[in-house]
Amino acid sequence: MDLDKVRIGMVCGTHKGSGTVTWVDGATQTVYLSDLVDNHNIEVGIEEIIDDPQIHNHDDFYY
């Protein structure tokens, strides 16, 4: 995903889990997420974000 497509408040999926974007650091290409399940912070590189229109947390499943 491109860094310019990531906005604060959007939900993103990563291999570390899904979360709501709380902060984007353009200098280091790092995105900070708040986990959807327990509000823990997740720090991922922009290349780790899955560009998928269906974002699910661990309890959801695909139909």
Side-chain angles (χ1 to χ4, degrees):
M1 179 175 273
D2 295 330
L3 190 62
D4 60 338
K5 291 182 181 178
V6 178
R7 301 283 181 242
I8 293 175
M10 72 183 290
V11 177
C12 293
T14 72
H15 295 293
K16 294 181 180 179
S18 300
T20 304
V21 176
T22 57
W23 187 51
V24 179
D25 186 353
T28 62
Q29 300 281 307
T30 304
V31 179
Y32 298 89
L33 306 169
S34 175
D35 192 313
L36 295 175
V37 177
D38 54 13
N39 286 336
H40 283 96
N41 292 326
I42 304 171
E43 179 181 335
V44 296
I46 189 66
E47 68 281 350
E48 296 179 65
I49 294 180
I50 302 168
D51 197 5
D52 186 357
Q54 284 190 0
I55 301 298
H56 299 277
N57 20 353
H58 301 292
D59 299 331
D60 291 341
F61 55 91
Y62 290 89
Y63 295 95

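In what follows, residues are counted from 1 in the order of the sequence shown.
- Under the rule for a side chain to side chain contact (heavy atoms under 4.5 Å, CB included), the partners of Asp38 that lie at least two apart in sequence or sit in another chain are Asp35, His40.
- At a threshold of 4.5 Å between non-hydrogen side-chain atoms, the residues Thr30 and Ile46 do not count as touching.
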Please determine whether side chain to side chain contact (heavy atoms under 4.5 Å, CB included) holds for the pair Val31 and Val21, giving the CA-CA distance in whole Å, both sets of side-chain angles, and the decisive distance to 0.1 Å. CA-CA 7 Å; Val31 179; Val21 176; 4.1 Å; yes

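- Summarising the geometry of Gly13 relative to Ser18, their closest heavy-atom pair is CA-OG, 4.0 Å, with the distance given to 0.1 Å.
- Side chain of Lys16 to backbone of Glu48: no donor-acceptor contact under 3.5 angstrom is found.
- For the atom pair OG1 (Thr14) and CD (Glu43), the distance works out to 11.5 Å, reported to the nearest 0.5 Å.
- Of all heavy-atom pairs spanning Thr22 and Ser34, the tightest one is CG2-CB, 3.7 Å.
- In terms of heavy-atom proximity, Cys12 sits nearest to Ile49 at CB-CG2, 4.1 Å.
- The ring-ring contact (aromatic ring centres under 6.0 Å, His included) pairs that include a residue from residues 19-38 are Trp23-Tyr32, where partners are two or more places apart or lie in different chains.
- Side chains of Leu36 and Thr20 form a contact here, defined as non-hydrogen atoms less than 4.5 Å apart.
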